[in-house]
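Read through the structure below, which is laid out as C-alpha cells, and then see the notes.
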2 protein chains.
Amino acid sequence: MAEIARIAGVDISTVSRALAGSSRVAKETRELIDQIVRDTGYVVNERGRALRDGRANQVLVIVSDIGAPFYSDVVQGIVETLAERDINVLLGVTLRQSKREEKLGNQLMTGVVDGIITVTGTLPTTILGMQGLSSKVVAISRPVPHDGVTCVTIDNYAAAKEVMVQLHSMGHRRILHIGGPTSSETYRERSAAYVDFMRDNGLGEFVNMRSTDSFKDDAESGFAIMKSMLDDGLHATAVFCATDELAIAAMAAARRANRSIPGDMSFFGIDDLKVAGLMSPPLSTVAVPRFEMGRKGAEALFRQVYRGAPPSDKIVLDHRLVMRDSVAQAR
Amino acid sequence: MAEIARIAGVDISTVSRALAGSSRVAKETRELIDQIVRDTGYVVNERGRALRDGRANQVLVIVSDIGAPFYSDVVQGIVETLAERDINVLLGVTLRQSKREEKLGNQLMTGVVDGIITVTGTLPTTILGMQGLSSKVVAISRPVPHDGVTCVTIDNYAAAKEVMVQLHSMGHRRILHIGGPTSSETYRERSAAYVDFMRDNGLGEFVNMRSTDSFKDDAESGFAIMKSMLDDGLHATAVFCATDELAIAAMAAARRANRSIPGDMSFFGIDDLKVAGLMSPPLSTVAVPRFEMGRKGAEALFRQVYRGAPPSDKIVLDHRLVMRDSVAQAR
DNA sequence: ATGAAAGCGCTAACAG
DNA sequence: CTGTTAGCGCTTTCAT
C-alpha cells in the first residue's frame, strides 16, 4: 500500500480511504489509485487489517471427525453461509480427544478466530473463563453444558418417538434399540423416547438396548452391537438405530447372520443420509436437516459475533419421518 | 503482553523473550514472568505475531463439496497432519463455481493463508501470476494444469485397468462404463483404461460409456445415467463405475429396474468408501488411500511452505483391488 | 541479562 | 479532500 501511495504521489492514508470506498476522496485521485492498483495487482494484506481491527474474520468449527457424513453436511452448510459473509472457516477435529479439543480452544483465546461453532457437545476448558463466552459460541446438533449458548437442534425425543409409533402401528412389539453415546444429550433423548414408549405401551419386558461407546466409529460399533445382540439370541422383529450409520452397519450384520430385511427384521435409522435411500432395501429413517442446521448455526454465530446480537438459546428445526422398504408389517 | 511487562517491572521485550524460551533471560526473571502469565491467564495474540512474522500459519484447503465422502476423508487426513504441526486449516468449498474459487484464491494473495491444497483439479486464476506459486500449492487426487505443482494421486489408469482385467477374467465381455467428469484428468484416465482394455481385447464393439457432467451430484448422476442406459436397452453383464458413489447409485437404479445384482449384472466401483462394504451386496471396488493422500499432501505442502523444500511433482500412492459380492462370474 | 526502538500493514482520529 | 500521527501486539536487532 505504501508502494501504491508512492507511485500515486499521495499519502498512504489516502490510498486506504480510496480502497475503502470513502466518500472523502477526489474522483480523480480515486481513479488514479484504482488504476495503479489494477496495474500492480496490489491486494490488501489481511494480517495488517486483522491486527488493526482487532478481529480475524474467521470462526472455528469443531467436529470430532469430518469424515462422518453427518458432520460433513453440517460443515458444508456452515462454510457456504459464512463464505457469503466473507467470514473464513477454520476446521478443527478432535478425534474425541480432549487434548486436541483444548488446543483448539486456544484459537479463540489467541484471537485466531472470533467465534466457535461446535458439533461435539463439549467446550474446550481453555475458553471457559472467557468473558462474553456465550455470545462467541454456537452449538449444533449437540448442546453444550454451558449457560446461554445458542444451540441448533431438532426435537430428538419427538423424532425418536415418531419412529416408535410407526413401528408399533405396523405391529412391531419386540423392538431392539441401538443407541448412540450416552455422553450426549442428543442420544440420551433418542434412547429415552424408546424406553418411555416401550414402557408406556406395556412392552417394558422387551426393552433391550445397547449403546456405542463414544470412542468408536459408528459403523464399526453398529456392526459389533447388532452381531452381539444376535449372538446373544435376542429375539426381535425390528431394530431402531439412533443413526443411519448405525442402522446401515447393523443391517449388514443382520444379513451376515442370514436375517432377511425386512422379512425377518425391520430397521429404522435417523438422519436420512444420502446413501440411506440407495441401500437395498432402502432405509426408513428420519430426515434431519443437516445442511440447514449448519446454515442456521452459522447465521446465529455471525449475528452474535459480528453484529452484537444476543444468544438465542435453542433453535429447533423440523424433522420428517421417511418410510422406505427396510420396514415391513410385523409377521 | 505490555500488561505482563508492567506487572513484572521489566520491558515488554523481555517478556517476549521469556515466552519464546530464549536463553538470554535470567532464571528468576523467567520464573517471575511465567508466574504472572499463569496468574493472569495471558495468551499471546496471534494476529500481532502473524503481522510481524509475515505469515499466518494457516493453509487453505479447497474442495468442491465437503459433503462428498471422498473429500471429507482427504480433508480429515490434512487437518490431522497439519494440526500436529500447529498449522490451521481453512476450509473452502467451490460448489464447482469459478466465482467462488476465484474468491478463495484471494486468501493466498492477501496473506490469510500461506499455502493452498486443492482437491478440485483447478487453480484460482487470481493466484496464477503469483511468484513462487508452485511451492505454495499442492494438488490432491486431481492434478492442476500448472507446471511444477506437487500432486498426490494414485495410478488411475492402472487401477481402472485392474478392474477391467478382473471383470474380463470372470467372463464379462459386455461391460458398460459410467465415467466421472471428463474435465478431470483423473477420470479421463480411468475411462481411457476402460476403452483401451476393451479395444485391446477385441471388445471395441461393446464399448459404451456415459460420463457425469461436472455440475451434478455424483449419486444423482449415477442413478440417472444407469437408468438411461437401461431405458435405452443396452445389454451388459457388468458395469464399471468410476467411483463408489456412482456405483452405489447405479446399483440402486438397476435394482429399481428389476435387475438382480450380481445375478443379472455385476458392479465395480473405485474408492472403497466405508459404506461400500456394507451394501447389499457388498461392492467390489479399488481401495484408494484417501486419508493417506490428505496426509501426504499436507506433509508436502508443509515442507514446501514452511521448510523451503522444493515441489516434488508427483507422489503416487498405492491402490488395492477389493473383491466383494457385487461381482460374479458372467453367465 | 535487559532495555530501547523500529517496524510488520493497516485504519481512524485529527488537523488542515 | 488530503496529510500527519498514532497505535493495534508482537519480535528482533542493537545498545548497554
Side-chain angles (χ1 to χ4, degrees), chain A residues 1-37 40-58 86 88 106-114 130 305-306, chain B residues 1-37 40-58 86 88 106-114 130 305-306:
Chain A
M1 190 181 253
E3 174 75 357
I4 305 290
R6 200 183 50 72
I7 301 178
V10 299
D11 190 85
I12 173 176
S13 58
T14 302
V15 177
S16 176
R17 274 189 289 258
L19 263 44
S22 160
S23 56
R24 277 189 273 280
V25 177
K27 196 174 168 222
E28 297 163 10
T29 315
R30 154 166 295 123
E31 281 166 0
L32 173 62
I33 290 174
D34 284 352
Q35 188 55 50
I36 298 174
V37 164
T40 58
Y42 166 85
V43 281
V44 300
N45 181 318
E46 289 290 346
R47 289 189 302 256
R49 189 176 274 178
L51 176 57
R52 156 81 211 195
D53 293 352
R55 55 199 170 75
N57 292 319
Q58 301 190 144
D86 291 319
N88 295 323
N106 282 327
Q107 308 287 357
L108 184 59
M109 301 307 293
T110 59
V112 171
V113 297
D114 307 316
M130 199 172 190
V305 170
Y306 300 106
Chain B
M1 189 179 258
E3 174 75 359
I4 306 290
R6 199 183 52 71
I7 300 177
V10 299
D11 190 85
I12 172 176
S13 57
T14 302
V15 177
S16 175
R17 272 188 289 259
L19 264 43
S22 159
S23 56
R24 276 189 275 283
V25 177
K27 196 174 169 216
E28 299 162 8
T29 317
R30 153 166 296 121
E31 281 165 0
L32 173 62
I33 291 174
D34 284 351
Q35 188 56 50
I36 298 174
V37 164
T40 58
Y42 166 85
V43 282
V44 299
N45 181 318
E46 289 290 346
R47 289 190 300 254
R49 188 177 275 179
L51 177 58
R52 155 81 208 191
D53 292 351
R55 54 197 170 74
N57 292 318
Q58 302 190 142
D86 291 318
N88 296 323
N106 283 326
Q107 307 287 356
L108 183 59
M109 300 306 293
T110 59
V112 171
V113 297
D114 308 317
M130 198 171 193
V305 170
Y306 299 105

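Bear in mind that the values here come from a model prediction, so they are computed numbers and not experimental data.
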Using a cut-off of strictly less than 4.0 Å, decide whether [X] has a side-chain nitrogen or oxygen near OP1 or OP2 of [N].
X	N	answer
B:Arg17	D:dT12	no
A:Tyr42	C:dC10	yes
A:Ser16	C:dT11	yes

[X] [atom1] to [N] [atom2], straight-line distance once rounded to whole Å:
X	N	atom1	atom2	answer
A:Met1	C:dT11	CE	C1'	8 Å
A:Glu3	C:dC8	CD	P	13 Å
A:Ile4	C:dC10	CD1	P	9 Å
B:Asp114	C:dC8	CG	C1'	15 Å
B:Leu19	D:dT12	CG	C1'	15 Å
B:Asp53	C:dG9	CG	P	12 Å

- Closest heavy-atom contact between B:Val25 and B:Ala18?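 Reported closest heavy-atom pair: CG2-N, 3.9 Å.
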
- Between A:Ala56 and A:Gly111, which heavy-atom pair has the shortest distance, and what is it?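 Nearest heavy atoms, A:Ala56 then A:Gly111: CB-O, 3.6 Å.
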
What's the spacing between [X] [atom1] and [Y] [atom2] if we round to 0.5 Å?
X	Y	atom1	atom2	result
A:Lys27	A:Asp34	NZ	CG	11.5 Å
A:Arg47	B:Thr110	CZ	OG1	8.5 Å
B:Asn88	A:Asn88	CG	CG	11.5 Å
A:Asn57	A:Arg49	CG	CZ	8.5 Å
B:Leu19	B:Arg30	CG	CZ	9.0 Å
B:Arg52	A:Leu51	CZ	CG	12.5 Å

[X] side-chain proximity, nearest of [options]:
X	options	answer
B:Asp11	D:dG3, D:dT11, C:dA4	C:dA4
A:Arg52	D:dT11, C:dA4, C:dC10	C:dC10
A:Asn45	D:dC10, C:dG3, C:dG9	C:dG9

- Report which part of the nucleic acid A:Arg47 touches: base, sugar-phosphate, or nothing (heavy-atom distance under 4.0 Å, all strands).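 Nothing: the residue A:Arg47, judged by heavy atoms under 4.0 Å, touches no strand.
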
- Flag the pair B:Thr40 / B:Glu3 as yes when at least one side-chain heavy-atom distance between them is below 4.5 Å, and no otherwise.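 Answer no - side chains too far apart.
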
- Task: Check for a donor-acceptor pair, side chain of B:Gln58 on one end and backbone N or O of B:Val112 on the other, with a separation under 3.5 Å.
- Result: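 It does hold such a pair.
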
- Message: Among residues 20-33 of chain B, which ones have heavy-atom contacts with DNA chain C below 4.0 Å?
- Response: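 The stretch gives B:Ser23, B:Arg24, B:Val25, B:Ala26, B:Thr29 as the residues lying under 4.0 Å from the strand, ordered by number.
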
- Item | Nearest-nucleotide comparison on DNA chain C, the residue closer to the 5′ end among B:Thr14 and B:Leu51 |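 Its nearest nucleotide lies further toward 5', so the answer is B:Thr14.
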
- Helical bend (five base pairs per end, nearest 10°) for the helix from C:dA1-D:dT16 to C:dG16-D:dC1: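 One end's axis against the other's: 40°.
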
- Task: Between A:Gly48 and B:Arg49, name the one whose nearest nucleotide on DNA chain D is closer to the 5' end.
- Result: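 Taking each residue's closest nucleotide, the earlier one in sequence belongs to A:Gly48.
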
